[in-house]
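Keep in mind it's a predicted model, so treat the numbers as computed, not measured. The basis for the numbers below is simple: all heavy atoms, side chains too, and nothing from hydrogens, waters or symmetry mates.
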Amino acid sequence: MSRIYSEIAAIDTSSVKSFFNRRASVESNPINAVMLQKEGSTIAIERDRYEREHLVPSVDPGGKVLELGCGAGRLASHYNKDGNVYLGLDFSENLIGIANAAFAGQEKVRFQVAEIPWIIQEKLPIQPPFDLVIVTGLLIYLNDEAVAKTFELINSISARNAKLYLRETISIRDDRLTLRDFYSEELKESYSAVYRTRAEIVAHIDMYLTKFGFTLTSEGVAFPASLQTRAETNQHYFNIER
């Protein structure tokens, strides 16, 4: 069964990793590789531009930025200024290879292959705490236990007055949708993902962050209707501050 509604169903995260390694190897545009748009589509590029201009939070000069599930490092250039340092983590060796090549020689931008949330903080090239944590399109590729552990990780590595920017694809049905080895005609490949509801995401925020001083300050549909292309899911953002 490739489309599973309501019930909690695990996905094979090793196959997800292989999927993104292949995408990084064959997709000419690294933004399309991680934002799952077909070759030649401009939607991912337009979403990336819109997100930079309207959604991602600022950080004070000299801030420390951590991106969990950074892909090819598309947001690194946005924060590579004003004395900031940026660290991007992703489990795809091929995507991290693209990121390292793009930012070679830039000491304040670092990338590391890491499977989130199972990271060893002491081995990070830039050490916590971080002033801004970014998570975009990561949770849909994690099973429930890993999602809970990711929120715990965010709390443990965040600075006293940290910001969290979370943007995920959510189910706009009343229940979650899981794709397990689902063949996409658009991508010409099978992939797996878990699209949780907004209520499920908010429950995780309440359970793992609110009691540690975080507050959900704003949320909403991430992109204009022209950049939302799915019938059962939508892009949703959450700004959370401690």
Side-chain angles (χ1 to χ4, degrees), residues 1-41 43-44 47 67-75 88-101 111-120 134-154 166-173 175-197 200-201 204 229-236:
M1 187 188 308
S2 60
R3 300 180 75 92
I4 304 169
Y5 294 98
S6 300
E7 67 182 85
I8 295 175
I11 59 174
D12 180 1
T13 54
S14 64
S15 71
V16 174
K17 178 179 177 179
S18 297
F19 169 78
F20 279 106
N21 276 331
R22 289 193 301 273
R23 293 279 296 170
S25 299
V26 302
E27 174 61 61
S28 61
N29 185 328
I31 296 177
N32 278 355
V34 297
M35 298 183 86
L36 299 196
Q37 298 298 319
K38 63 184 178 180
E39 181 73 31
S41 171
I43 289 178
R47 283 181 179 175
E67 185 170 7
L68 301 177
C70 67
R74 69 181 181 88
L75 290 177
L89 305 179
D90 201 281
F91 68 173
S92 168
E93 297 91 346
N94 291 358
L95 288 173
I96 291 295
I98 294 172
N100 278 326
F111 298 96
Q112 187 177 75
V113 177
E115 184 171 359
I116 299 157
W118 322 113
I119 66 173
I120 302 173
I134 300 168
V135 181
T136 62
L138 168 67
L139 302 184
I140 61 173
Y141 302 114
L142 302 180
N143 288 311
D144 285 2
E145 178 188 6
V147 170
K149 291 292 185 183
T150 298
F151 278 99
E152 291 178 347
L153 172 66
I154 290 168
L166 172 65
R167 195 256 304 152
E168 285 291 323
T169 309
I170 64 170
S171 169
I172 55 176
R173 297 167 42 89
D175 50 13
R176 68 166 58 186
L177 165 63
T178 301
L179 300 183
R180 182 188 285 167
D181 295 324
F182 174 79
Y183 183 77
S184 167
E185 290 288 348
E186 184 177 336
L187 301 176
K188 305 301 181 186
E189 187 164 7
S190 297
Y191 71 101
S192 299
V194 182
Y195 301 106
R196 297 171 177 87
T197 64
E200 287 181 284
I201 301 296
H204 277 84
T229 59
R230 310 302 183 197
E232 296 182 304
T233 62
N234 213 341
Q235 299 281 337
H236 202 88

#### Entry: Heavy-atom closest contact (Asn94 atom, Ala24 atom, distance)
CB-CB, 3.6 Å
### Message
I need the minimum non-hydrogen distance between Leu139 and Val147, along with the two atoms involved.
### Response
O-CG2, 3.9 Å
### side-chain contact (heavy atoms from CB on, under 4.5 Å) involving Gln235 - partner list, sequence neighbours excluded
Arg47, Arg167, Thr169, Ala222, Phe223, Gln228
### Task
Could you list all the salt bridge (Lys or Arg N to Asp or Glu O under 4.0 Å) pairs where at least one residue sits in residues 136-146, not counting sequence neighbours?
Asp144-Arg176, Asp144-Arg196
### Exercise: identify the closest heavy-atom pair between Leu177 and Glu232
CD2-OE1, 3.7 Å
### Message
For the backbone of Ile11 and the side chain of Asn143, can you confirm whether one donor and one acceptor N or O come within less than 3.5 Å of each other?
### Response
yes
### Task
For residues Asp12 and Ser14, report the shortest heavy-atom separation together with the two atoms involved.
OD1-OG, 2.5 Å
### Message
Just by distance, no angles: are the side chains of Ser92 and Asn21 close enough, under 3.5 Å, to form a donor-acceptor pair?
### Response
yes
### Message
Counting C-beta onward and ignoring hydrogens, is there a side-chain heavy-atom pair between Ser192 and Asp181 closer than 4.5 Å?
### Response
yes
### Summary
Note: Tyr195 and Ser171 closest approach over all heavy atoms is O-CB, 3.4 Å
## Note on the structure
For Arg173 and Thr197 the tightest heavy-atom approach is O-CG2, 4.2 Å
### Query
Among all residues two or more places apart in sequence or in another chain, which pass the side-chain contact (heavy atoms from CB on, under 4.5 Å) test with Ser184?
Glu186, Leu187, Tyr191
### Message
Please evaluate residues Phe91 and Tyr141 with respect to the criterion ring pair (Phe, Tyr, Trp, His ring centres under 6.0 Å), reporting the C-alpha separation (whole Å), side-chain torsions for both, the decisive distance (0.1 Å), and the verdict.
### Response
CA-CA 11 Å; Phe91 68 173; Tyr141 302 114; 7.9 Å; no
